[in-house]
Asks: 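The structure under discussion is supplied below as structure tokens; questions concerning it will follow.
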2 protein chains.
Amino acid sequence: MATTDQLLDCSDPLVNPGPRVDVRVVLFTVSAGRLLVALQEQGTCRALPLGSPSPAESLDAAGTRLLADHVGIAERYLEQLYSISHCSEDQWTVTVTYLALAFAGDAGPSLNTAAWCDVGSLPEMDSVDRKIFDYALLRLRAKLGYTTIAFHLLPPSFSLSDLQIIYEAVLDREVDKRNFRRSIHAAGVLEGTGLTRREGSHRPAGLYRFRAGHNAETYLTPSWASSTEEGVRNP
Amino acid sequence: MATTDQLLDCSDPLVNPGPRVDVRVVLFTVSAGRLLVALQEQGTCRALPLGSPSPAESLDAAGTRLLADHVGIAERYLEQLYSISHCSEDQWTVTVTYLALAFAGDAGPSLNTAAWCDVGSLPEMDSVDRKIFDYALLRLRAKLGYTTIAFHLLPPSFSLSDLQIIYEAVLDREVDKRNFRRSIHAAGVLEGTGLTRREGSHRPAGLYRFRAGHNAETYLTPSWASSTEEGVRNP
DNA sequence: GCAAAAGTGTTGTGTATACACCCATGG
DNA sequence: CCATGGGTGTATACACAACACTTTTGC
């Protein structure tokens, strides 16, 4: 059906006996109220950080290693999203995609081989990577509503306003302060440190941390690792 | 670190330059009020139906083809679950797993190379396949609560009691008839065929079908294919 | 005293749950 | 007339959205 002479045909089993497998990570952070994603330079386009898994490690471990090596980030959260099969440059590839979250200081964390890009004004990207990114953002926004992953975008101690800024940056819309604080308190995952933070000519903000034992996030979509031990909770 | 002499070491890149990729499907059906899963004979254990993807097709297409070829089922629903990396028999393998649903008649649909097993009394299974199965069942049960996938376990025309039996079989618990019917009607995805079905010494059951235009299920976890077109709905 | 962010309550509206009886039919 | 499954309504509790003002501080 396809002509194998003029260019390599990645659907020809003689040319490609098995697919290449790679792992790509969509790493988000929030800095100064803006949602950012880590992208690597790749010619004219930008691309998602990617790597190859090795036989001795799980795919999750490959994602973690990828972030540590290429991005220089100790990620706070890593979740597998989806796997796709595609042909790029006559190379049959199966790509396993991940969503990752990291805390960024005010200046943003430094990256090794990647750079932070504002999600509101993305550069040109490879079309496959662009679809992966769109899906990752869709999942991240949906999960904010029924999980506690937002905390992974914050330092260990934070104010409720800090947390609200995370929600507003990811969702790209304002949220009501009173309803927001009520729902956070009702979730029961925070405990006050006795401390406050004074940083301007206004009332100091109370600081909070996670409650120990609630670091196990209440995900409706449980992780693979936890699926055999505990069931789904209906909170 | 590992001794490569006495047995093949699947973590040695010289032995295995890249992983094998396979696709495994957890196919459920409900027959006579029992939740069943399709398993293949494999020596002493049973195993999930599996196949290899080809470069020209998507992974989803590979799953569909796998069901059509090996199982003889035209599945009604197929959803990717998770991908894992594992070593079995010194073969490094990346497995992409799928959840599938099919309608079974009263006798259950016939299978080519697989057999239906009652989920309540499963035979011995390969440990990797067992974990995949556990995860699939966990996801299926969770998704019943906020999606319409249950309809894929029914023929085109069905009674509300038929539908309730599906829910009870999958969830393995009774549900309240009035609340169930109210929530189904409120979802607005059904329309009555004018028909009824008489099949015993009792009042005949009204028959329903999907409303056209609502075959696009309201998934909180949107499929990969739809992620770039439409956002997440909050019903 | 004023600017600036922190913090706090009430009300309505919709949604989920618990619960018991009459209806139509076949035998 | 009776056994069987089909079909219906109401009261209550809880979750969520809309909405405005007082408090504490730095300058």
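Every chain is numbered from 1, with letters handed out A, B, ... down the list of sequences.
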Asks: My understanding is that only one of Phe103(B), Phe28(B), Tyr77(B) makes a ring-ring contact (aromatic ring centres under 6.0 Å, His included) with His152(B); could you say which?
Replies: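 The ring-ring contact (aromatic ring centres under 6.0 Å, His included) with His152(B) is passed solely by Tyr77(B) among Phe103(B), Phe28(B), Tyr77(B).
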Asks: Write down the atom of Phe158(B), the atom of Leu190(B), and the distance for their closest heavy-atom approach.
Replies: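 Result for this residue pair: CZ-CD2, 3.7 Å.
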Asks: For nucleotides 12-23 of chain D, read 5' to 3', which letter fits each nucleotide if B means a protein heavy atom sits under 4.0 Å from the base, S means only the sugar-phosphate is that close, and - means neither?
Replies: -----BBBB--B
Asks: Side chain of Ser201(A), heavy atoms from C-beta onward: which of dG26(C), dA5(C), dG26(D) has the nearest atom to it?
Replies: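 Of all the options, the side chain of Ser201(A) is nearest to dG26(D).
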Asks: Which one of Val71(A), Asp69(A), Thr64(A) satisfies the side-chain contact (heavy atoms from CB on, under 4.5 Å) criterion with Leu67(A)?
Replies: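 That would be Val71(A); it is the only one of Val71(A), Asp69(A), Thr64(A) passing the side-chain contact (heavy atoms from CB on, under 4.5 Å) with Leu67(A).
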Asks: Tell me, which of residues 157-166 of chain B have any heavy atom that sits under 4.0 Å from an atom in DNA chain C?
Replies: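 Nucleic-acid contacts, sorted: none.
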Asks: If you look at every heavy atom in Ser159(B) and Ala205(B), which pair is closest and at what distance?
Replies: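 Taking every non-hydrogen atom into account, CB-CB, 3.7 Å.
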Asks: Does a salt bridge link Glu41(A) with Arg46(A), judged by any charged N lying under 4.0 Å from a carboxylate O?
Replies: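 Judged by the 4.0 Å cut-off on N to carboxylate O distance, Glu41(A) and Arg46(A) do form a salt bridge.
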Asks: Show, in sequence, the C-alpha distance, side-chain angles and deciding distance for Trp116(B) and Leu27(B), and conclude whether the side chain to side chain contact (heavy atoms under 4.5 Å, CB included) test is met.
Replies: CA-CA 9 Å; Trp116(B) 291 113; Leu27(B) 172 66; 3.7 Å; yes
Asks: Using whole Å, what does the distance between atom P of nucleotide dA5(C) and atom NE2 of His202(A) come to?
Replies: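 Distance check: His202(A) NE2 to dA5(C) P gives 6 Å.
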Asks: Grab the two heavy atoms, one from Ala100(B) and one from Val25(B), that are nearest each other, plus how far apart they are.
Replies: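 Closest approach of Ala100(B) to Val25(B), heavy atoms only: CB-CG1, 3.6 Å.
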Asks: Rounded to the nearest Å, what distance is computed from the CD atom of residue Glu199(A) to the C1' atom of nucleotide dT24(D)?
Replies: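 About 14 Å, once rounded to whole Å.
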Asks: Quickly work out the Ile184(A) CD1 to dT8(C) P distance and round it to whole Å.
Replies: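 Roughly 14 Å, once rounded to whole Å.
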Asks: Of the options dT25(D), dG7(C), dG26(C), whose atoms approach the side-chain atoms of Arg198(A) most closely?
Replies: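 That would be dT25(D).
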Asks: Run the salt-bridge test on Lys143(B) and Glu79(B) with the 4.0 Å N-O cut-off and return the result as yes or no.
Replies: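 Glu79(B) and Lys143(B): salt-bridged.
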Asks: Could you state the atom-to-atom distance from CG of Leu207(A) to P of dA5(C) in whole Å?
Replies: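 After rounding, the gap between these two atoms is 17 Å.
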